[in-house]
There are 2 protein chains.
Amino acid sequence: MKTEKEFHDFLENGDKYYIPNLTIDCAIFGYHGKELKILLAKWRGLDGWGLPGGFIKKKETLSNAATRILKEKTSLDKLYLKQFHVFGDSEFRRKEKEGLSFSPGNNRYLLPKNSWLHERTISIGYYALVEYSQVNLMTDYFIEELVWQDINQVPKLLFDHNEMLSYALRNMRINLYHIPIGYNLLPNKFTLPEIQSLYETILDKKLDRRNFSKKLLKLELIKDTKEVKKIGQHRSPKLYQFDMKKYNEALKNGIVLAI
Amino acid sequence: MKTEKEFHDFLENGDKYYIPNLTIDCAIFGYHGKELKILLAKWRGLDGWGLPGGFIKKKETLSNAATRILKEKTSLDKLYLKQFHVFGDSEFRRKEKEGLSFSPGNNRYLLPKNSWLHERTISIGYYALVEYSQVNLMTDYFIEELVWQDINQVPKLLFDHNEMLSYALRNMRINLYHIPIGYNLLPNKFTLPEIQSLYETILDKKLDRRNFSKKLLKLELIKDTKEVKKIGQHRSPKLYQFDMKKYNEALKNGIVLAI
DNA sequence: CCAAAAGTGTTGCGGGTACACCCATGG
DNA sequence: CCATGGGTGTACCCGCAACACTTTTGG
């Protein structure tokens, strides 16, 4: 959605290209500075923050749609994406909208009463894990601004997006014990303290160093690179990286991580 | 969908009452004769079996829609229902359909080329656990026949319904360890051997009697009724029933069942 | 030499698994 | 009294949690 022409075409004829009534919203998690971050989008004209989202093209698979929407916002195509829930029950999702308006540039654009965008939407929630440092945030005609927000400082969001986020987070935390994470959240090479800190941040609890390393290494998902990381006036921790063969097997077959 | 008038109205104007492009399909599990059963529907005119399903009304919540669809087929409203996945990626779900026809009674009805029913549909999968003996199967203008099929003898189904069923089953088996089941699958009063057999059937493996009873009783979800069940020429097993207060708490908060 | 962080091994306890004997019932 | 299934207790073992000392580094 780069030009004003595209934008107006979308408002007027979007229902020819996209499936109406159905959207995808993404809870995009990143990790930085020992904080778990969520990507929030400020919608033009709506004067509020929400999760990034979009419509599904008429002939597109759901996974492609979710990947596309994410790529539009973050420029990433290497990420972990998972469908976690469909939202169609809340007050907001049961009724049609009215008087929606958008403000591309500085022009306020009020949607006509019978616009396809006023119809009720049911939203498929996906969550994504992405590598913070690789993300290149990109706004467009709908999204005025994108920011990474600490998961503990999320404001009141538009629509039912707070509920979505809370579902996403709960789901992600449960999945943590059954699928490997980290490949999409950490730099290529990382230390044990770093990955431990990632788990601690996501789970919001302290873990025992010795037990954590034993358990993680037993899974054999990461391997010693024989390099170390200089961290100044302290002992240099070893650098590890994921064994992609085993990591992908683990993604497929699941793991049991008892931390 | 009881009368022919309703039926034709649905074919022609359904998109005024229902959200197009989006359906709900239900994997309905029942338990009988030590077999896990799945409810299959024979669709008129399509000459094949599939999972029961339906459309969502324009102003209806998803859960209401799923409950309604189930009630139409089974007359039940007391059941466990869980959303497990959205299907929109398979070959079948990416393209529009063509030449759909239905055969209510003995009249073949070929849908017009531009019918709303020819559009691509994305389907939300729900699975349900129901008490076999309470079910009253009800056919209609679309469903010619409904049968309970042993889970191990499911034929090739229409569309992507085999894939759906396999997802539902996997999901249900995983959930087994985290949410209580049985209330919707067993008669009101049941014996320990009966509920053990239920778990064995669903998980498709033998469990140790002594350990099973210890673990289950420790959860305190079931209580002794002080009655016994006569089973003929053998010792009469005790009858238990669910403690609904604790059962509902467990539904909300989850359990850890290590069997 | 010191402060701060990383690396590593051992022990004890609890829970899960494996296992066997007695009891009730009806024929 | 016998065949069949139901009910129950114990011992062992493994795995998790708890825990402390040594090593490295740069200032």
Side-chain angles (χ1 to χ4, degrees), chain A residues 33-34 173-174 176-178 180 182 186-187 189-201 203-241 250 254-259, chain B residues 33-34 173-174 176-178 180 182 186-187 189-201 203-241 250 254-259:
Chain A
K34 301 208 174 192
R173 283 180 173 147
I174 292 174
L176 199 66
Y177 298 97
H178 304 296
L186 291 169
K189 292 175 183 174
F190 53 87
T191 67
L192 277 183
E194 282 169 350
I195 190 171
Q196 178 174 345
S197 173
L198 168 66
Y199 274 89
E200 289 180 337
T201 304
L203 294 173
D204 198 23
K205 66 178 179 192
K206 278 279 165 202
L207 302 171
D208 182 88
R209 247 180 356 181
R210 290 157 287 199
N211 295 334
F212 180 83
S213 88
K214 263 182 292 182
K215 287 170 194 171
L216 192 63
L217 291 171
K218 199 164 57 179
L219 291 178
E220 298 188 315
L221 296 178
I222 65 177
K223 51 188 184 194
D224 197 335
T225 62
K226 307 287 178 202
E227 296 168 62
V228 294
K229 179 173 183 176
K230 292 278 178 197
I231 54 164
Q233 184 184 354
H234 305 293
R235 175 169 182 170
S236 307
K238 296 184 194 172
L239 281 166
Y240 290 83
Q241 64 186 172
I255 59 173
V256 177
L257 182 57
I259 59 174
Chain B
K34 301 206 173 194
R173 283 181 172 147
I174 292 173
L176 198 65
Y177 297 98
H178 305 294
L186 291 169
K189 293 176 183 175
F190 52 87
T191 67
L192 276 183
E194 282 168 351
I195 190 171
Q196 177 173 345
S197 174
L198 168 67
Y199 274 89
E200 288 181 336
T201 304
L203 294 173
D204 198 22
K205 67 178 178 192
K206 277 280 164 203
L207 302 172
D208 182 90
R209 236 167 5 133
R210 289 158 286 200
N211 296 332
F212 180 82
S213 88
K214 262 183 292 181
K215 288 172 193 169
L216 192 63
L217 291 171
K218 199 164 56 179
L219 292 178
E220 299 188 315
L221 296 177
I222 64 176
K223 54 189 182 193
D224 196 335
T225 62
K226 308 288 177 197
E227 297 170 59
V228 294
K229 179 174 184 175
K230 293 276 178 197
I231 55 164
Q233 183 181 357
H234 305 293
R235 176 169 180 170
S236 308
K238 296 185 195 171
L239 281 166
Y240 290 84
Q241 65 185 172
I255 59 173
V256 177
L257 182 57
I259 58 174

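Side chains are part of it too, since the values below use all heavy atoms of this structure and drop only hydrogens, waters and symmetry mates. Residue numbers begin at 1 in each chain, while the letters A, B, ... track the order of the sequences.
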Query - Residue-phosphate contact under 4.0 Å: B:K229 side-chain N/O, C:dA24 OP1/OP2 - result: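 For B:K229, the contact criterion (side-chain N or O under 4.0 Å from OP1 or OP2 of C:dA24) is not met.
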[X] side, atom [atom1]; [Y] side, atom [atom2] - distance, nearest 0.5 Å:
X: A:D208; Y: A:K214; atom1: CG; atom2: NZ; answer: 7.5 Å
X: B:I231; Y: B:Q233; atom1: CD1; atom2: CD; answer: 10.0 Å
X: B:I255; Y: B:L176; atom1: CD1; atom2: CG; answer: 8.0 Å
X: B:L216; Y: B:L257; atom1: CG; atom2: CG; answer: 7.0 Å

Query - salt bridge (Lys or Arg N to Asp or Glu O under 4.0 Å) partners of B:K34, counting only residues at least two apart - result: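 For B:K34 there are no salt bridge (Lys or Arg N to Asp or Glu O under 4.0 Å) partners, ignoring immediate neighbours.
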Query raised in the report: End-to-end bend of the helix from C:dC1-D:dG27 to C:dG27-D:dC1 (five-pair axes, 10° rounding)?
Result: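 Helix axis angle between the two ends: 0°.
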Query raised in the report: Quick one: does A:R209 reach the base of C:dG7 with a side-chain donor-acceptor pair under 3.5 Å?
Result: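 Yes, a donor-acceptor pair under 3.5 Å.
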Query raised in the report: Does A:K214 make a side-chain donor-acceptor contact with the base of C:dT10, cut-off 3.5 Å?
Result: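 Looking at the base of C:dT10, it does pair with a donor or acceptor on the side chain of A:K214 (distance under 3.5 Å).
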Nearest-angstrom distance from the residue atom [atom1] of [X] to [atom2] of [N]:
X: B:K205; N: C:dT17; atom1: NZ; atom2: P; value: 9 Å
X: A:L239; N: C:dA6; atom1: CG; atom2: C1'; value: 13 Å
X: A:D208; N: C:dT10; atom1: CG; atom2: P; value: 16 Å
X: B:K238; N: C:dT25; atom1: NZ; atom2: P; value: 13 Å
X: A:L207; N: D:dC19; atom1: CG; atom2: P; value: 15 Å
X: A:I222; N: C:dG7; atom1: CD1; atom2: C1'; value: 14 Å
X: B:F212; N: D:dG6; atom1: CZ; atom2: P; value: 13 Å

**Report entry** Shortest non-hydrogen contact from A:Y240 toward A:L217
**Finding:**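 Between these two residues, the closest heavy atoms are CE2-CD2, 3.9 Å.
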Query raised in the report: Is it true that a side-chain atom of B:T225 and a backbone atom of B:Q241 form a donor plus acceptor pair closer than 3.5 Å?
Result: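 No: the side chain of B:T225 does not pair with the backbone of B:Q241.
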Query - A:K238 side-chain N/O to A:D224 backbone N/O, donor-acceptor pair under 3.5 Å - result: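 Side chain of A:K238 to backbone of A:D224: no pair is present.
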Under 3.5 Å, which N/O atoms of the protein pair with N/O atoms of nucleotides 24-27 of chain D?
from, atom 1, to, atom 2, distance (Å)
D:dT24, O2, A:R235, N, 3.1
D:dT25, O4', A:H234, O, 3.2
D:dT25, O2, A:Q233, O, 3.1
D:dG26, N2, A:Q233, NE2, 3.2

Query raised in the report: To the side chain of B:R210, which of C:dC19, D:dG7, D:dA20 is closest?
Result: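 In terms of side-chain proximity for B:R210, the closest of C:dC19, D:dG7, D:dA20 is C:dC19.
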Query - A:R173: partners by side-chain contact (heavy atoms from CB on, under 4.5 Å), with sequence neighbours left out - result: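 If we apply the side-chain contact (heavy atoms from CB on, under 4.5 Å) test to A:R173, skipping adjacent residues, the hits are A:L169, A:I202, A:L203, A:D204.
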Could you give the side-chain donor-acceptor pairs of residues 191-199 of chain B under 3.5 Å, partners two or more places apart or in another chain?
from, atom 1, to, atom 2, distance (Å)
B:T191, OG1, B:E194, N, 3.2
B:E194, OE1, B:T191, N, 2.9
B:E194, OE2, B:K229, NZ, 2.3
B:Q196, NE2, B:E200, OE2, 3.1
B:Q196, NE2, B:L207, O, 2.9
B:S197, OG, B:Y31, OH, 2.9

Query raised in the report: Between B:N211 and A:I259, which has a closest nucleotide on DNA chain D that is more 5'?
Result: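 Looking at the nearest nucleotide for each, B:N211 comes out on the 5' side.
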Provide a list of protein-nucleic acid N or O atom pairs under 3.5 angstrom, restricted to nucleotides 13-16 of chain C.
none

